[in-house]
There are 2 protein chains.
Amino acid sequence: MMRGMRTNTQDEILNAAQALAQQRGFNAFSYADISAAIGIRKASIHYHFPSKEDLELALLLRYVEQFDEALLAIDQSADPPALKLRRYGELYRRTLSLGAICLCGMMASDIAALPAMLRAPLAEFFVTQTNWLGGVLEAGRRNGEFVFAGDSVLRARSVLASLQGGLIVARALQDAALFDALVDDLLAGIGHR
Amino acid sequence: MMRGMRTNTQDEILNAAQALAQQRGFNAFSYADISAAIGIRKASIHYHFPSKEDLELALLLRYVEQFDEALLAIDQSADPPALKLRRYGELYRRTLSLGAICLCGMMASDIAALPAMLRAPLAEFFVTQTNWLGGVLEAGRRNGEFVFAGDSVLRARSVLASLQGGLIVARALQDAALFDALVDDLLAGIGHR
DNA sequence: GTCTATAAACTGATAGAC
DNA sequence: GTCTATCAGTTTATAGAC
């Protein structure tokens, strides 16, 4: 047994909790909901995650980890920047099909009710994303694919904010095409033809 | 006494509830919080708003009403489209200073936990906003201020989504300048120089 | 590790006096 | 209209048997 390996139960709990959190928000589901979803008693969930704050932190750290891996996969391709951007958009787009939004977008929208312990890692997620996006934007500008003025990381912050908002509004209007059109508009906005 | 006029208490309750909802989210505050905020007993709040769903609906309808008035005020000016867009952005920007986001953006992010009764009026808010924004975009394109391709109302949906996401991300990073830069980028994206 | 049982606090909500 | 008092249900969390 590998050190640091998660048990199946822990993963099942996290999977169920993540789906609930991305769909309803972290303040709109309970240990009872997870219990019902995976067929385990509430007390058993507390064994793995003593407090809800522990659960929320584990959820966030795992999400960040998974997202970092997805960025790495895109980086390891030889895709041109515009395609990398589209693949990045698809990471978010997939959640829409599940009636969910980005876990970090959800946590950010509820930030005033978020345990203080989670604020730094949450902010770090957004910084990581904007730095990565900024690199892609800069590479595209350098090879002539993109045309835009100003700092690429600053621009990346607008791109990230747009994607996060796109998920929320598209889901509210039950219109995933809104999100697809948003990605097109983002590319058009940075001069991609 | 005018018919349909709200009592002071009702307004105080709605004011407190709105601040709490825009800061924490509707599922992260209780009647006890309102009670503490304005110095009234919980039972008295139930007298004005029997159920929390009643309160949430009243909150949404009043917000829509206030927003419509703000749009009208912008319309009645002779400002050029680009300035109208900036004034629209300022409507959102103001909430940031209060540590809040758009009430409808908040409700949209929690939509899976939202009472079914509120979904239609919430969607209507977004439709109203995009129609209004589409008109401004179209006017700007016609007078040469803006340059962009495609349907102006579709484009307006991207603009609205960006603003909503901008509020959420800017607040999470405690950096209101992110939102200001986003507005600039939106204008640049529709060809405004 | 999972269970039953239970606790303590909080939630939305109601009854009835003033 | 506002209050006190109270309710039933839910929430997070713990104790202890298996």
Side-chain angles (χ1 to χ4, degrees), chain A residues 1-21 23-60 62 106-107 110 112-118, chain B residues 1-21 23-60 62 106-107 110 112-118:
Chain A
M1 187 99 103
M2 278 170 58
R3 193 175 295 275
M5 189 174 167
R6 281 192 195 96
T7 70
N8 281 345
T9 304
Q10 267 178 317
D11 276 337
E12 276 183 68
I13 293 169
L14 288 173
N15 290 341
Q18 185 175 335
L20 287 163
Q23 282 160 13
R24 302 191 204 166
F26 197 77
N27 294 306
F29 76 90
S30 67
Y31 276 57
D33 293 317
I34 303 172
S35 168
I38 64 178
I40 199 180
R41 303 276 97 175
K42 287 190 294 172
S44 306
I45 306 174
H46 279 287
Y47 169 79
H48 294 285
F49 304 97
S51 78
K52 210 182 174 189
E53 197 170 328
D54 295 324
L55 175 59
E56 196 167 17
L57 182 60
L59 218 50
L60 176 56
R62 189 181 73 145
M106 183 68 91
M107 286 183 174
D110 293 338
L114 204 72
M117 196 185 209
L118 276 84
Chain B
M1 187 99 104
M2 278 169 58
R3 191 175 296 271
M5 189 174 166
R6 283 195 195 94
T7 68
N8 281 345
T9 305
Q10 267 179 318
D11 277 338
E12 276 183 68
I13 293 168
L14 287 173
N15 290 341
Q18 185 173 335
L20 287 163
Q23 283 161 10
R24 302 191 204 168
F26 196 77
N27 294 305
F29 76 90
S30 67
Y31 276 57
D33 293 318
I34 304 172
S35 168
I38 64 177
I40 198 179
R41 303 276 98 175
K42 284 193 299 170
S44 306
I45 305 173
H46 280 287
Y47 169 80
H48 293 286
F49 304 98
S51 78
K52 210 183 175 190
E53 196 170 327
D54 294 325
L55 174 60
E56 196 167 16
L57 181 62
L59 218 48
L60 176 56
R62 190 181 73 146
M106 183 67 92
M107 287 184 175
D110 292 338
L114 204 71
M117 195 184 206
L118 277 84

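We use all heavy atoms of the structure for the numbers below, so side chains are in, but hydrogens, waters and symmetry mates are not.
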Practice problem: Could you state the atom-to-atom distance from CG of A:N27 to P of C:dC10 in whole Å? | Solution: 16 Å
Quiz prompt | Options D:dC3, C:dT4, D:dT11, nucleotide nearest the side-chain atoms of A:K42 | solution = D:dT11
Self-check item: side-chain N/O B:S30 vs C:dC10 OP1/OP2, d < 4.0 Å
Solution: no
Quiz prompt | Length of the line joining B:I38:CD1 and D:dG1:P, which is rounded to integer Å | solution = 14 Å
Self-check item: A:Y31 side-chain proximity, nearest of C:dT2, D:dT12, D:dT4
Solution: D:dT12
Practice problem: Between A:A32 and A:Y47, name the one whose nearest nucleotide on DNA chain D is closer to the 5' end. | Solution: A:A32
Quiz item: When you measure from the side chain of A:D54 to the backbone N and O of A:S51, does any donor-acceptor pair fall under 3.5 Å?
Solution: yes
Exercise. Determine: side-chain N/O of A:S44 to OP1/OP2 of C:dC3, distance under 4.0 Å, yes or no.
Key: yes
Quiz prompt | Toward the 5' end of DNA chain C, by each residue's nearest nucleotide, A:T9 or B:S51 | solution = A:T9
Quiz item: The side chain of B:K52 lies closest to which of these nucleotides: C:dA13, D:dT2, C:dC3?
Solution: C:dA13
Quiz prompt | Nearest-Å distance for atom pair NE2/P, residues B:H46 and C:dT14 | solution = 8 Å
Quiz item: Sub-3.5 Å donor-acceptor pair from the side chain of A:K52 to the main-chain atoms of A:F26, do we have one?
Solution: yes
Quiz item: Where the side chain of A:A43 is defined as all heavy atoms beyond and including C-beta, which of C:dT4, D:dA13, D:dT2 is the nearest nucleotide?
Solution: C:dT4
Quiz item: So, for A:D33 and A:A28, which heavy atoms are closest and what is the spacing to 0.1 Å?
Solution: OD2-O, 4.4 Å
Quiz prompt | Closest contact, heavy atoms only, B:I40 versus B:T9 | solution = CD1-CG2, 3.6 Å
Quiz item: Which atom pair, heavy atoms only, marks the closest approach of B:G25 to A:D110?
Solution: CA-OD1, 4.4 Å
Quiz item: To the nearest angstrom, how far is A:F49 atom CZ from C:dG1 atom P?
Solution: 12 Å
Self-check item: Closest to side chain of B:I40, choosing from C:dC3, C:dT11, D:dT2
Solution: D:dT2
Practice problem: Could you check how far CD1 of A:I45 sits from P of D:dT11, rounded to whole Å? | Solution: 12 Å
Quiz item: Quick one: A:L55 CG to D:dT11 C1', roughly how many Å, whole number?
Solution: 14 Å
Quiz prompt | Gap between atoms NE2 and P, on A:H48 and D:dA13 respectively (whole Å) | solution = 16 Å
Practice problem: Could you check how far CZ of B:R41 sits from P of C:dT14, rounded to whole Å? | Solution: 19 Å
